[in-house]
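Here's the structure we're looking at; comments come further down.
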Number of protein chains: 2
Amino acid sequence: MRGVVMHAPGDVRVEQREDPRIVEPTDAVIRIAATCICGSDLWPYRGIEKLRGPTPMGHEYIGVVTEIGPEVSTLKVGDFVVGSFFASDNTCEICRAGYQSRCVHNIPIGMIGTQAEQARIPLADGTLVVVPATPTPEQIPHLLAASDVLGTGWFAAVAAEAGPGKTVAVVGDGAVGLLAVLAAGQLGADRVVVMSRHADRQALARKFGATDIVAERGDAGVARIKELTGGLGAHSVVEAVGTQESMEQAIRSTRPGGHVGYVGVSHDVALDGMELFFSGVHLHGGPAPVRRFLPELIDLILRGDIHPGEVFDRTLPLDEAAEGYRAMDQRRATKVLLTL
Amino acid sequence: MRGVVMHAPGDVRVEQREDPRIVEPTDAVIRIAATCICGSDLWPYRGIEKLRGPTPMGHEYIGVVTEIGPEVSTLKVGDFVVGSFFASDNTCEICRAGYQSRCVHNIPIGMIGTQAEQARIPLADGTLVVVPATPTPEQIPHLLAASDVLGTGWFAAVAAEAGPGKTVAVVGDGAVGLLAVLAAGQLGADRVVVMSRHADRQALARKFGATDIVAERGDAGVARIKELTGGLGAHSVVEAVGTQESMEQAIRSTRPGGHVGYVGVSHDVALDGMELFFSGVHLHGGPAPVRRFLPELIDLILRGDIHPGEVFDRTLPLDEAAEGYRAMDQRRATKVLLTL
């Protein structure tokens with residue numbers, strides 16, 4: 001089969017990879033219907049995360065089950081499924097508490113690489129959620145978004161305890177930040193402020209339910225959030241970037257007793273203990289347990305209540321994945337969908 | 001009046017201070033019935049926090065109202081009251097959300113110094129809670145504990161979401177840690193593990209409801225907590241020390257999705273972003289909003305349900321405060337009560 005392999009920073013190729021097959025009795029093999037490029041794929045692309053040799057890429061996927069292992073009991077060949085970026089048994093104590101991304105048997109799908117024609121999905125019963133009807137072509141991008149960016153933005157909004165009566169601020173206007181805006185609105189927030197300097201992303205944020213835009217960054221951005229909230233700071237702040245500056249901006253924009261939900265992978269971040277202590281905020285985040293939210297998100301998408309696939313502003317065939325990486329790296333695209 | 005003044009690290013004196021008087025119409029003056037020395041008083045005593053000249057000390061207090069300002073409406077002369085270490089209006093949006101220690105008008109009582117015969121308490125209506133009956137001598141240490149160490153330990157246990165079905169681990173066997181043990185038990189935790197290497201503190205922890213003792217520290221302590229929790233880590237961990245090591249020990253002892261409640265003032269702590277991200281824990285803490293819990297704590301004490309004053313293992317007259325500081329600094333005492 002064909003699949004994306006990163007050889008070095010900036011060097012992404014579509015090449016022949018071995019066809020996946022059932023290895024463990026709990027595996028399934030799926031034919032990928034659509035996949036995409038993640039903001040986190042840019043970390044190795046930019047040389048910030050090291051590669052250990054040529055690496056198959058991709059961890060977002062929807063597709064059709066083509067083969068199941070002998071112990072798979074809830075799926076059948078032909079099922080249309082959505083999974084997320086960690087395989088999880090969905091039965092251990094950590095999964096049952098809603099933290100499937102930290103399942104005691106978790107397997108990162110990034111190690112498998114779903115920017116490809118097919119993929120082996122471990123712990124298939126726990127990992128894959130069946131879409132009750134074959135989706136229409138219009139539903140494909142929305143369901144694909146659920147696999148990571150929507151699920152991650154949703155988790156961030158939940159971690160920030162977005163809800164009725166709350167003002168939610170979102171730091172980061174990438175795909176995850178934009179979908180955290182959508183999530184905050186769905187969760188009933190009174191007011192959703194997105195921190196963004198890009199007109200196109202501001203427009204999409206408005207469409208997703210943002211009520212206010214703050215173009216300032218850093219201390220000026222924090223001051224603006226305080227101005228909008230009677231000097232107190234937001235109740236809930238989503239951090240969807242993963243830098244020192246964005247974490248500080250998020251914590252400082254939150255009122256004492258408020259909640260920061262952070263999902264930007266925290267590269268080179270060190271939180272000052274004294275500042276955090278006196279901030280009095282709640283801090284929660286990490287790799288999003290997308291599996292927890294998938295049934296609900298699929299339902300909202302099939303009902304037409306949400307359209308998260310609008311974050312894809314470029315669609316390319318898998319074979320042109322290299323151009324997709326370039327476009328995202330150069331910020332010519334927010335998020336690129338790859339068709340098969 | 002007489003009061004404790006710190007002149008330099010290690011140099012604590014009881015000297016004549018000016019009698020307090022009503023300054024703002026919302027003030028009350030109280031005659032201190034009992035006060036004590038806090039673990040945080042040891043930071044400047046040890047030269048870790050800088051002093052700017054001679055500094056009145058103390059922020060824990062119970063006493064009798066002797067004078068009220070013209071705008072004080074809920075207190076009267078003769079009331080026996082308990083306060084905590086921040087004056088708060090108890091009416092602002094932050095107070096109403098339960099974060100009185102971060103009240104928009106908060107005033108640190110440490111600036112006033114309650115290791116003294118009398119004290120002016122600002123925002124008296126919001127800050128002071130009336131004890132419905134004059135306490136017995138036996139109740140005095142328990143009520144005094146509510147002013148800070150009990151309230152802080154209680155907040156830590158609440159921040160760690162201690163409760164039924166949970167295993168709670170407590171890092172730190174000082175007065176606050178020991179009272180977090182008591183709080184975790186009162187909040188219904190199934191199992192309360194205290195990390196302690198001191199026989200006397202272990203014994204008191206047992207009395208307060210600890211079900212397990214872990215004497216190991218650092219990585220070995222974390223490994224022991226994991227062993228006790230099926231490899232997963234505790235659901236809830238209280239951090240009551242405030243060092244890099246104790247924060248790391250707390251975070252690493254917590255299962256993914258679990259809760260860390262931290263109340264040790266975080267000196268020279270820097271949290272690694274990647275480690276925190278992948279820990280998947282909830283982190284909440286800071287200066288405890290003791291005022292939130294005072295009515296409930298006073299009620300539990302008056303009913304005889306809890307005996308938090310047992311953390312005081314030394315009682316001295318105010319005039320011997322210097323010996324109290326020495327004893328706590330040299331770990332000859334856990335917590336020293338000062339009588340008047």
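Convention: sequence-line order gives letters A, B, ...; per-chain numbering from 1. This one's a predicted model, so the numbers in the text were calculated from it and none came from an experiment.
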Give, as side chain, backbone, both or neither, the part of B:V104 having an atom under 4.5 angstrom from any heavy atom of chain A.
side chain
Parallel, tilted or perpendicular: rings of A:F155 and A:H284 (30°, 60°):
perpendicular
Part of B:Y99 within contact of chain A (heavy atom distance under 4.5 Å)
side chain
Most chain B-contacting option - heavy-atom pairs closer than 4.5 Å, from A:E275, A:M274, A:H259
A:M274
Checking A:R291 side chain against A:G126 main chain: does a donor-acceptor pair fall under 3.5 Å?
yes
Mind ranking A:G231, A:A159, A:G280, A:G98 by heavy-atom pairs under 4.5 Å with chain B and telling me who comes out on top?
A:G280
Find the one option among B:G257, B:G285, B:G258, B:G264 whose heavy-atom pairs under 4.5 Å with chain A are most numerous.
B:G257
Check this for me: A:H267, atom NE2, are more than 12 non-hydrogen atoms of other residues, nucleotides or ligands nearer than 6.0 Å?
yes
With a 4.5 angstrom heavy-atom cut-off, is it the side chain or the backbone of B:H235 that approaches chain A, or both, or neither?
side chain
Is chain A contacted by the side chain of B:A270, its backbone, both, or neither, given a heavy-atom distance below 4.5 Å?
both
Region of B:V260 that comes under 4.5 Å of a non-hydrogen atom in chain A
neither
Checking heavy atoms, do the side chain of B:S101, its backbone, both or neither come under 4.5 Å from chain A?
neither
Validation row: A:P122, A:I112 side chains within 4.5 angstrom (heavy atoms)
yes
What verdict does the side-chain contact (heavy atoms from CB on, under 4.5 Å) test give for A:M195 and A:I225, after you've listed the backbone C-alpha separation in whole Å, the side-chain angles of each residue and the deciding distance to 0.1 Å?
CA-CA 9 Å; A:M195 304 187 89; A:I225 296 289; 3.8 Å; yes
Kindly say whether A:L228 contributes a backbone atom to a donor-acceptor pair with the side chain of A:R191 at under 3.5 angstrom?
yes
Looking at every heavy atom in both A:Q244 and A:D268, which two are closest together, and how far apart are they?
OE1-O, 3.8 Å
